[in-house]
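Every number for a ligand or one of its atoms is a count from 1 in the order of the listing.
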Amino acid sequence: MAYGMLCGWGQTSLDGVVILESTVNFARGSKTPSVDFRSDDGIQKVKISEVVDIEEMAWAPKYGLKGVIDASVRVKVESDTNKTDEKIMPLEFKTGKGTSGQTAMEHNAQVMLYTLLMSDRYLKNIDSGLLYYLHTDQTQGIVVQRSDLVGLIMRRNELATDILKASMSQQLPQMLQSPNMCKGCRHLNVCTVYHKVHGGSTADSGLGELFDSLVNHLSTAHCVFLKKWDRLIDLEAKELEAVKKEMWCSRSLTSEHYTSCVSSLVLDTSDKLLPKKFSKSNRFIYRFMRQDLPPPDGKAYEMDSLGPASSPINNMDCTLRTGDYVMLSTEPDRLIVASGVIVDISNFHVLVSFSKCLRLPGSSPSSVAQDLCRQVWRIDKDEIMTSFAIMRFNLVQLFLQNDQSSHLRKLIVDLEAPRFDSGCIFSQDPALSYIWSEKNLNDDQRRAIIKILTAKDYALILGMPGTGKTSTLVHAVKALLIRGASILLTSYTNSAVDNLLIKLKAKGIDFIRIGRYEAVHKEVQGHCLSAMDMHGIEEIKLRLDQIKVVAVTCLGITSPLLANKRFDVCIMDEAGQTTLPVSLGPLMFASKFVLVGDHYQLPPLVQSTEARENGMGVSLFCRLSEAHPQAIAALQSQYRMCAAIMELSNALIYGNRLRCGSSEIEDAKLKYTSSASLSSWLKEVQKMNRHKG
Ligand SMILES: Nc1ncnc2c1ncn2[C@@H]1O[C@H](COP(=O)(O)OP(=O)(O)OP(=O)(O)O)[C@@H](O)[C@H]1O
């Protein structure tokens, strides 16, 4: 029965696949495992009677806690005295063997907190949970004591106070000074680096030589750099904190007050097939509409404006867009039910895709559909804080003690000059022969690709508007592939990544696109793993090992598909508009990198004035360009503007460095058949020209 239910769930990540497989195996197990709950009832037998949810999001604003529960299960528990009890509880899978010591304590604490989150979610007292160790096939029962929960919540409060203090005044709490506990802790590296950066000494770390061995590589300049950028991220995060608070605390805000949400929604049931299964991505699509929208009678959807009682979803202020990560919650109690991605949004509806069928917590299998239809919903944007977590993660990686971090640190923090292998220009390199023989490249573009091919550390491509950046990158990728290099292509936005991929596809270059299927351009969706006919993790791994070109957005690098992947080159487009901590992420995956951008155009978007004034608007591209102009290859021949328009760009920004790529471009004129169809500003220009003439 459990397997039947599981088949209804889509698979989102490798973790998800592992959990699904594990739960199926666990639930299918013919034997009824005996589990020690360490309670008065002695050893008890447990049997899963229903898998209620997989990877269930559990948010409890009142405790300030959130988590994703591997599996929420209904379990029949039979004690020695033949007493049978049916309960809902969390089931957490662990891959390690650690059933003792500190790790086991952490696992226990995690399950206990999940019972608290589930109690809040299912509105009933959930007093026990299960831990299943995959390696040893051992199941451990946990019965929650009130005193344990009180202790855990107190620790949570201490942690929250410390985090708040750190973000306000950059003061970190004392280290534990316990070598035994610290040695096995997975946060040891980051913890010691931060301790040193904040002026901590070996003595007050309490770790002696161990501390020195982890931080001795850090110079004063490194500490200053990390501290500065950490502070800038704090400032920017604080700016957006207000938005996050609204999401957690507000109960009655409408989109008029808060533009990243739509409230008062109901499921549109006019299409009986909802949810629709998006077969390619294995996701489930639900359509929501305003509660006050008149029922669709065929005409309602075609109306330009709605009646006075109803307000459009996608009004001018609403910042929700297709491709946005969102959270779905209930109104008025604001129970967060699932996270998904907007597939489409208009004045009348919003389509959201989820990794599995929706179900209200506690809903019985027979009434799931009715319960969902009766519910009033709210959709909030949900990506702001994840990007800060990624930025911090990227930043601290740069200061850890390993070869890759050390290499990047020298280039990015110490600003060591990048090396170029000019000798190879005269070699018989087939990649270079390809570039020399390629007729569609102009001299600037050829020089740029040679810069990329000769770079040992990095190259910077300054691509002014319309100078053929994308076309140049396509040839650069081809040349690198001739050399047998593996390439990670990245950019901040999905559209920039896909723009390049569409051109690569036209040239017959194969690639894998990592990212949310819905946010990927239709023309390249077929290159998403979720759209391929893959059977199991091994096949996915094999495909990833074989492919030479992988593309992902800068913030998409946290995908488990990229874990342990290494590339010869990372090429980053839009680098002039990407903040430094975001840029660092993809660079960690490659031996050398190419940044493509134009720092004369818009700098990275930074909301906080203080962060901007203190340097957050300086991209890595700009930092390296200013330090090492010799690393830049500039594309200056443009193919988008006639001479008169280009002169404006040259006068305002480019100091006459831009030139027309051909005489046709230089003299190009706008062709139109009738002036009636012209917009008013063009008519004005036309009049002025006649006047001049
Ligand atoms: N060497 C070349 N000769 C002739 N046309 C070219 C050449 N390189 C690029 N183009 C043309 O110039 C236009 C702009 O190219 P592309 O889109 O690659 O530039 P871009 O720098 O990425 O553009 P933008 O800055 O506007 O995003 C395209 O129409 C392209 O075909």
Side-chain angles (χ1 to χ4, degrees), residues 431-453 459-481 487 489-509 511 521 523-524 549 551 553-554 570-578 594-605 619 621-622 625 632-650 652-671:
L432 283 166
S433 312
Y434 164 72
I435 296 307
W436 291 125
S437 64
E438 182 53 54
K439 298 274 180 300
N440 291 325
L441 291 168
N442 65 33
D443 286 347
D444 284 348
Q445 294 168 336
R446 220 167 259 131
R447 269 194 292 271
I449 301 174
I450 290 170
K451 194 105 205 163
I452 293 172
L453 291 173
L460 307 170
I461 309 299
L462 173 61
M464 297 180 212
T467 51
K469 285 185 290 291
T470 322
S471 321
T472 308
L473 287 184
V474 171
H475 290 292
V477 168
K478 249 188 132 170
L480 287 164
L481 287 176
I487 307 158
L489 292 177
T490 188
S491 186
Y492 189 73
T493 60
N494 280 299
S495 55
V497 173
D498 293 341
N499 186 22
L500 179 56
L501 292 181
I502 290 168
K503 291 200 177 173
L504 284 184
K505 191 179 164 188
K507 289 269 177 209
I509 296 173
F511 53 85
H521 193 285
E523 277 206 46
V524 287
V549 181
T553 59
C554 292
C570 169
I571 300 181
M572 184 183 296
D573 198 2
E574 290 184 323
Q577 283 160 272
T578 309
V594 179
L595 301 183
V596 186
D598 179 1
H599 53 283
Y600 295 109
Q601 288 184 37
L602 286 180
L605 182 67
S619 64
F621 182 83
C622 185
S625 298
I632 304 174
L635 304 178
Q636 304 186 85
S637 297
Q638 62 78 26
Y639 300 88
R640 285 220 199 278
M641 299 170 260
C642 66
I645 296 178
M646 184 186 71
E647 271 169 29
L648 185 70
S649 293
N650 264 335
L652 291 176
I653 304 160
Y654 293 105
N656 289 332
R657 293 171 71 194
L658 259 183
R659 46 179 191 260
C660 287
S662 66
S663 52
E664 290 84 59
I665 296 287
E666 194 167 354
D667 304 327
K669 297 265 184 303
L670 190 66
K671 292 187 187 72

Which ligand 1 atoms are under 4.0 Å away from a heavy-atom of [X]?
X: Ser471; value: 9 (C), 15 (O), 16 (P), 18 (O)
X: Thr467; value: 21 (O)
X: Lys503; value: 16 (P), 17 (O), 18 (O)

- Query: Which is it for Asn440 and ligand 1 at heavy atoms under 4.0 Å: side chain, backbone, both or neither?
  - Reply: backbone
- Of the backbone atoms (N, CA, C, O) and the side-chain heavy atoms from C-beta on, which set of Gln638 has a member under 4.0 Å from an atom of ligand 1: side chain, backbone, both, or neither?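 For Gln638, no heavy atom sits under 4.0 Å from ligand 1.
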Is the shortest side-chain heavy-atom distance between [X] and [Y] below 4.5 Å?
X: Gln445; Y: Leu635; value: yes
X: His521; Y: Leu501; value: no
X: Met464; Y: Asp444; value: no
X: Lys469; Y: Thr472; value: no
X: Leu658; Y: Thr467; value: yes
X: Gln638; Y: Cys660; value: yes
X: Asn442; Y: Tyr639; value: yes

- Could a heavy atom of Gly466 be found less than 4.0 Å from some atom of ligand 1?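 Right, Gly466 reaches ligand 1.
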- Message: With the threshold set at under 4.0 angstrom, would you say Pro465 reaches ligand 1 through any of its heavy atoms?
- Response: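 So Pro465 counts as touching ligand 1.
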- Note on the structure: Note: heavy atom closest to atom 21 (O) of ligand 1, options Glu438, Lys469, Gln445, belongs to Lys469
- The one among Arg640, His475, Glu664 that brings a heavy atom closest to atom 26 (O) of ligand 1: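 Minimum heavy-atom distance to atom 26 (O) of ligand 1 goes to Arg640.
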- Geometric N/O contact Leu441 with ligand 1, under 3.5 angstrom: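 So ligand 1 has no N or O lying under 3.5 Å from an N or O of Leu441.
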Taking [atom] as the reference point, report whether a protein heavy atom occurs under 4.0 Å from it.
atom: atom 28 (C) of ligand 1; answer: no
atom: atom 12 (O) of ligand 1; answer: yes
atom: atom 16 (P) of ligand 1; answer: yes

- Message: Within this structure, what is the CD-CG distance for the pair Glu647 and Asn650, rounded to the nearest 0.5 Å?
- Response: 8.0 Å
